[in-house]
Amino acid sequence: MTSQESKLNPGVWAVVSVVFVIATVATLASYMPKSAPHWVELTLLGLGALSYLVAVVTLVSTRVFEWSTFLNVAKPAFVAVLASTGVIEFAFLYDKTRGFTLVILTLGLVIVALALPLILAYSVARHVPTRS
Amino acid sequence: MTDTAMAAPMPGAAPGGPPAYEATTGPLVPTKLLAIPAIALVMLIAGILLNAEWALGFLHVGFGAVWTGFDLFAGFMVGPVLKKLDPPMRVAFMKRYGPRMLVVMPTLATITLAAGFQLARKADFLTMSYPRHWWLVGSFALVGVMATSAFAILLPSNLQVLMELKKPQPNFALVGKLSARYSTFAAVAGVSQLITLIIMTRLASF
């Protein structure tokens, strides 16, 4: 980690986004068999999406960064995460999960599928000295 | 191959000087290890399609037991030993241990959680009324703790170590720090797993 790097780096923001998704799913499960208030789930998921966007913005605004290493890690990580989230989504569809719940769970999986490769790739690339 | 020969003292080391380091070459994870998640995912999909209680129970309990065992072993057996090893030996160990853990742990977690959710739905645990439902909420909270520590610390630490070991001149201090962090959080995950076991056995006894 460089001395210029903020403690709230892209990796931290991406972890925060995953935590919000976990909180969304936990809230949904805690209300079962009833439905959780939609505004609670939408707020938590929205905060998750917002945190992910902040992660992307802070990542893009990082001027000195080893992008080739980042992409070398992010690509296979994305494929692996996609396989896992794909199976979970398949289970939801197979269970006939429909409507608002399916939308929330699918969006949550999308955030996780995007955030995890970012966490892994950033945590590796930030320790690689830039070639320039 | 990810596994390269390295011993202490290392071949090529100058007498009295720092040991020579042989960087890891080839893919981060040996291709043959990818058969483990591939077979496990096929088993999971088959279990979901069969929707049989024994199949889902086997996947959830079997993979969950191995996951718990690995976490406890990594956190309380491997971790303390690893922290006391000389840096070259620690590096040699992590070169072989890291790729396996990188493949096996996420696989165990995915299968256990997905099969567990299916099992809970089939056994009507998800629709259980309060106060019993609190046990379920508690298990979700623990999964949250374990998932966060896995995604934020365990996986990135393991990956960072493996990437560092691919460099011609790795930062051994960083490798040591990350390995110690990995072992500590594996212990946290192991303890969380034990608490989950208490919750699961209570749920099964309702």
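Convention: sequence-line order gives letters A, B, ...; per-chain numbering from 1. Only heavy atoms go into these numbers, but all of them, side chains included; no hydrogens, no water, no symmetry mates.
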Part of residues 188-200 of chain B lying next to chain A, heavy-atom separation under 4.5 Å: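 Residues in range: none.
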Side chain to side chain contact (heavy atoms under 4.5 Å, CB included) evaluation trace for Leu49(B) with Tyr94(A): CA-CA 8 Å; Leu49(B) 288 174; Tyr94(A) 186 77; 3.6 Å; yes
Whether over 12 other heavy atoms sit under 6.0 Å from [X] [atom1]:
X: Lys177(B); atom1: NZ; answer: no
X: Trp13(A); atom1: CH2; answer: no
X: Phe100(A); atom1: CZ; answer: yes
X: Trp67(A); atom1: CH2; answer: yes

Which pair of heavy atoms, one from [X] and one from [Y], lies closest together, and at what distance?
X: Gly144(B); Y: Ile22(A); result: CA-CG2, 3.4 Å
X: Met163(B); Y: Val124(A); result: CG-CG1, 3.2 Å
X: Ala91(A); Y: Gln118(B); result: CB-OE1, 3.8 Å
X: Pro156(B); Y: Leu120(A); result: N-CD2, 3.6 Å
X: Phe90(A); Y: Ile48(B); result: CE2-CG2, 3.9 Å

Say you draw a straight line from [atom1] of [X] to [atom2] of [Y]; how long is it, rounded to the nearest 0.5 Å?
X: Lys166(B); Y: Thr69(A); atom1: NZ; atom2: OG1; value: 11.0 Å
X: Ser123(A); Y: Asn158(B); atom1: OG; atom2: CG; value: 10.5 Å
X: Leu41(B); Y: Ser84(A); atom1: CG; atom2: OG; value: 6.0 Å
X: Leu155(B); Y: Leu116(A); atom1: CG; atom2: CG; value: 8.0 Å

Options Asn171(B), Val161(B), Ile45(B), ranked by heavy-atom pairs under 4.5 Å with chain A, top entry: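 Of Asn171(B), Val161(B), Ile45(B), Ile45(B) has the most heavy-atom pairs under 4.5 Å with chain A.
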Structural part of Leu174(B) lying under 4.5 Å from a heavy atom of chain A: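 For Leu174(B), the side chain is the part near chain A, not the backbone.
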Part of Leu44(B) within contact of chain A (heavy atom distance under 4.5 Å):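 Just its side chain gets close to chain A.
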Stepwise side chain to side chain contact (heavy atoms under 4.5 Å, CB included) test for Val73(A) and Leu159(B): CA-CA 9 Å; Val73(A) 177; Leu159(B) 201 57; 3.4 Å; yes
Test salt bridge (charged side-chain N to carboxylate O under 4.0 Å, His left out) applied to Arg121(B) - qualifying residues, sequence neighbours left out: Asp95(A)
